[in-house]
Amino acid sequence: MIKHEWRMTPWRKEKEPPLIATYDELDRLYTFRSVYGYPEKTQEYIAATEAVRGVKNFPVQSSTLYIDVDEEENIQEVQKAIDNLGAGYSRYDTGNRGAHWHIDTANICHNWLPNSHLEFVRSIGILNLIDDTIYRHHSIIRCPGAVHSKTGKIKKLTSRVEGPVLEIPLVKPKEQAYEIIEEGDPEALLDFQRNLLQFRGEGKRHGHMFILFQSGIRAGLSSDEVLEYLYWWNSRQNPSHKEEAVLKKWKGFCGGQIKKTSTTNRTL
């Protein structure tokens, strides 16, 4: 049976194990759900490690291609691209400035599925208009009916278009840019934790985010995991930058030649 991860906030508390369940097994409504479902083999790994770190090596499932647009000015262009697909979809107001599309696709359970979704949205020319970080094995998305913490508005259905399911071709991911060495480095992790607790004024944040990126990689986190922590660090600054700005900086950092030199058991 396929199950998903459920959260009340974008980030789980330190050492809190993931809540993996079907919708019917929940005792209350949750704000966020994993983009991808986890088959039994993947569920067993998560239960054994009490974390979703490492699930990129396991299959995930979905019969939906999610499109997440944060900026209002990009909505119309993305809408045209989606309409051109001719597939069935539901469109949602996120409760903030953006929009979500839930596009009906053929059901796929495969390790390459997140990368295949990423390459598909690239192929239709909208990659730079959307949040492409949701195409990861452990990514999450706001649930329909969830209240947005900043606006107090709910994610609500605004339209439904009937049509055939979309066929997404499987695309094998490219080799990762970082060298992985299975050795823990407690000192590097401690540096990363110290950097996370620092506050920086405007004009000094780009440099500190780069330091966070470097120290996170050295502590054994993947670049995707470091992004989650960059979002968290930014949210604690006053005033905080837009998440789109953090994402843009992270993409620039990922283009560098920093090696990943260790891994840890850090819980996302």
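Side chains included, hydrogens not; waters and symmetry mates left out as well; all remaining heavy atoms used.
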Closest approach of [X] and [Y], non-hydrogen atoms and distance?
X: Arg205; Y: Arg200; answer: NE-O, 2.9 Å
X: Arg236; Y: Leu197; answer: NH1-CA, 4.1 Å
X: Thr94; Y: Gly98; answer: OG1-O, 3.4 Å
X: Cys109; Y: Pro39; answer: SG-CG, 3.8 Å
X: His117; Y: Tyr36; answer: ND1-OH, 2.9 Å
X: Val60; Y: His137; answer: CG1-CD2, 3.7 Å

Consider only side-chain N and O atoms of [X] and [Y], and report whether a donor and an acceptor are under 3.5 Å apart.
X: Asp83; Y: Tyr89; answer: yes
X: Thr151; Y: Asn96; answer: no
X: Asp68; Y: His100; answer: yes
X: Trp233; Y: Gln198; answer: no
X: Ser90; Y: Arg160; answer: yes
X: Ser222; Y: Asp224; answer: no
X: Glu243; Y: Asn234; answer: no

Would you say [X]'s side chain and [Y]'s backbone share a donor-acceptor pair under 3.5 angstrom?
X: Thr64; Y: Asp104; value: no
X: Ser223; Y: Cys254; value: no
X: His241; Y: Ser235; value: no
X: Ser139; Y: Ile134; value: yes
X: Ser34; Y: Glu5; value: yes
X: Glu225; Y: Gly216; value: no
X: Asp131; Y: Val69; value: no
X: Trp6; Y: Ala21; value: yes
X: Tyr229; Y: Leu221; value: no

Glu228/Arg136 ion pair, N-O < 4.0 Å: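 A salt bridge links Glu228 with Arg136.
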Ion pair present between Glu25 and Lys3, side-chain N to carboxylate O less than 4.0 angstrom? yes
Given side chain to side chain contact (heavy atoms under 4.5 Å, CB included), test Asn111 with Asn57 step by step and report yes or no. CA-CA 7 Å; Asn111 188 28; Asn57 300 316; 5.5 Å; no
Among the clusters formed by ILVMFWY side chains lying less than 4.5 Å apart, do [X] and [Y] turn up in the same one?
X: Ile211; Y: Phe192; answer: no
X: Met209; Y: Ile217; answer: yes
X: Leu170; Y: Leu166; answer: yes
X: Ile168; Y: Ile126; answer: yes
X: Val121; Y: Ile82; answer: yes

Do [X] and [Y] have side-chain heavy atoms sitting under 4.5 Å apart?
X: His138; Y: Tyr38; answer: yes
X: Pro59; Y: His110; answer: no
X: Thr31; Y: Arg142; answer: yes
X: Leu113; Y: Ser62; answer: yes

What's the separation between atom [atom1] in [X] and atom [atom2] in [Y], rounded to the nearest 0.5 Å?
X: Trp250; Y: Leu230; atom1: CH2; atom2: CG; value: 9.5 Å
X: Met8; Y: Leu19; atom1: CE; atom2: CG; value: 11.0 Å
X: Thr42; Y: Gln61; atom1: OG1; atom2: CD; value: 10.5 Å
X: Asp132; Y: Leu247; atom1: CG; atom2: CG; value: 6.0 Å
X: Tyr135; Y: Ile130; atom1: OH; atom2: CD1; value: 4.0 Å
X: Tyr30; Y: Ile140; atom1: OH; atom2: CD1; value: 13.5 Å

Side chain to side chain donor-acceptor pair (under 3.5 Å), that's the test. Do Ser215 and Asn195 meet it? Break it down for me. CA-CA 8 Å; Ser215 60; Asn195 289 328; 3.2 Å; yes
Validate the cation-pi geometry between Lys155 and Tyr92: distance from NZ or CZ to the six-membered ring centre under 6.0 Å, angle to the ring axis within 45°.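 Output yes; distance and angle both within limits.
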Given salt bridge (Lys or Arg N to Asp or Glu O under 4.0 Å), test Arg122 with Glu119 step by step and report yes or no. CA-CA 5 Å; Arg122 189 196 309 275; Glu119 293 305 321; 3.0 Å; yes
Report the C-alpha separation of Thr22 and Met1 in whole Å, then their side-chain angles, then the decisive distance to 0.1 Å, and conclude whether the side chain to side chain contact (heavy atoms under 4.5 Å, CB included) test is met. CA-CA 8 Å; Thr22 64; Met1 180 182 296; 3.3 Å; yes
If we check side chain to side chain contact (heavy atoms under 4.5 Å, CB included) with Gln76, which of these qualifies: Lys80, Gln79, Glu72?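 Going through Lys80, Gln79, Glu72 one by one, the side chain to side chain contact (heavy atoms under 4.5 Å, CB included) with Gln76 is satisfied by Lys80 alone.
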By the definition side chain to side chain contact (heavy atoms under 4.5 Å, CB included), identify the one residue from Leu127, Leu85, Thr105 that meets it with Phe120.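 For Phe120, the side chain to side chain contact (heavy atoms under 4.5 Å, CB included) test succeeds with only one of Leu127, Leu85, Thr105, which is Leu85.
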Count the heavy atoms belonging to other residues, nucleotides or ligands that lie under 6.0 Å from OH of Tyr23, then report whether that count exceeds 12.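 At most 12 heavy atoms, drawn from other residues, nucleotides or ligands, come within 6.0 Å of this atom.
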Exceeds 12 heavy-atom contacts within 6.0 angstrom, atom CD of Glu244: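 Yes, because the 6.0 Å sphere around CD of Glu244 holds more than 12 heavy atoms from other groups.
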Between Tyr66 and His102, is the ring centroid distance below 6.0 Å? yes
